[in-house]
Amino acid sequence: MIFTVAVDGPAAAGKGTISRALADRFGFAHLDTGLLYRAVGAKGGDPVQAAEGLTPEDLARGDLRTMAAGEAASKVAAIPAVRAALVAFQRNFARRAGGAVLDGRDIGTVICPEAEVKLFVTASAEVRAHRRWLEVGGDAAQVLAEVRARDDRDMNRADAPLKPASDAVLIDTSDLSIDAAVEAAAAEVARRLG
Ligand code: CDP
């Protein structure tokens with residue numbers, strides 16, 4: 001069976017948690033596409049070469065989840081040749097046998113416009129910054145400023161900007177528990193699976 005679930009949305013909206021839960025529940029493979037951009041940003045040197053030569057070891061680095069790695073990722077993610085170098089890998093993953101969940105910024109709009117299910121997971125910037133702060137600690141005001149800066153860069157870049165696909169189902173997790181958000185997402189997948 002070929003079945004793609006595209007999960008897009010801004011930083012710390014809950015995409016990763018929802019995507020992992022969907023993959024578990026339906027037995028699909030999961031790809032966190034943000035990790036690709038984080039690995040390119042962390043590798044240093046020429047970002048286009050880094051994207052073209054990305055290895056499994058690059059993706060296994062222990063320092064990809066930091067705020068600094070997120071910031072570096074969103075800078076290299078604005079470079080069209082970096083994005084182009086990562087398209088084929090993501091599309092192959094999406095169409096693998098047995099079903100796949102991909103989470104990112106442009107999965108439903110650019111990578112998999114034909115995805116069977118498209119979700120756009122969002123939450124207010126304040127709620128997202130608070131969640132990120134619980135993970136990384138530090139100065140709460142600075143975490144909010146960084147979340148806003150990353151939103152701004154991701155939504156306003158020319159190539160594959162963050163925006164919901166016209167046929168995406170919106171899930172606002174500002175006032176939802178993790179369980180409630182996962183159930184809302186799972187209901188969409190179950191409906192499409194029939
Ligand atoms: O986990 P979080 O939502 O904070 O970030 P992420 O999903 O790991 O993505 C890090 C950065 O990579 C984002 O801010 C985007 O700039 C970029 N990205 C992208 O451009 N396209 C994707 N499909 C995934 C991530």
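Both ligands and their constituent atoms are indexed starting at 1 by order of listing. Note that the coordinates shown come from a computational prediction; the quantities given were computed from them, not determined experimentally.
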For A73, atoms of ligand 1 separated by under 4.0 Å from a heavy atom = 10 (C), 11 (C), 12 (O)

query = So does K118 pair up with D8, basic N to acidic O under 4.0 Å?
reply = no

message = Taking distance alone, with N or O pairs closer than 3.5 Å, would you say D32 contacts ligand 1?
response = no

note = Note: ligand 1 atoms sitting under 4.0 Å from heavy atoms of K15 are 3 (O)

query = Hey, is ligand 1 close enough to D103 that some N/O pair sits below 3.5 Å?
reply = no

key: Per-atom contacts of ligand 1 with R132, taking only distances under 4.0 Å to non-hydrogen atoms   = 1 (O), 2 (P), 4 (O)

query = Are the charged groups of R153 and E146 less than 4.0 angstrom apart, N to O?
reply = no

request  = Report the nearest protein non-hydrogen atom to atom 2 (P) of ligand 1: residue, atom name, distance rounded to 0.1 Å.
outcome  = R38 NH2, 3.6 Å

inquiry  = Students should be able to answer this: which protein heavy-atom is nearest to atom 7 (O) of ligand 1, and at what distance?
reply    = R105 NH1, 3.1 Å

inquiry  = Out of all atoms in ligand 1, which are within 4.0 Å of some heavy atom of G104? Include the element for each.
reply    = 22 (C), 23 (N), 24 (C)

note = Quick note on ligand 1: atoms under 4.0 Å from a heavy atom of A77 include exactly 16 (O), 17 (C), 20 (O)

inquiry  = Between ligand 1 and Q90, is the shortest N or O to N or O distance under 3.5 Å?
reply    = no

key: Side-chain ion pair, R25 and E183, N-O less than 4.0 Å   = yes

query = Judged by atom type as modelled, is there a donor-acceptor pair below 3.5 Å linking the side chain of D152 to the main-chain atoms of R148?
reply = no

remark   = Note: ligand 1 atoms sitting under 4.0 Å from heavy atoms of S74 are 14 (O), 16 (O)

message = Could you identify the single nearest non-hydrogen protein atom to atom 21 (N) of ligand 1 and state the distance to 0.1 Å?
response = R83 NH2, 3.0 Å

query = Going by an N to O cut-off under 4.0 Å, is there a salt bridge joining R157 and D154?
reply = yes

ask   = Can you list the steps and then say if R38 with D63 is a salt bridge (Lys or Arg N to Asp or Glu O under 4.0 Å)?
value = CA-CA 9 Å; R38 285 172 181 267; D63 59 352; over 6 Å; no

ask   = Relative to ligand 1, is R157 under 4.0 angstrom through side chain, backbone, both or neither, heavy atoms considered?
value = side chain

request  = For ligand 1, find out whether one of its N or O atoms is nearer than 3.5 Å to an N or O atom of D106.
outcome  = yes

ask   = atom 10 (C) of ligand 1: which protein heavy atom is closest, and how many Å away?
value = R150 NH1, 3.5 Å

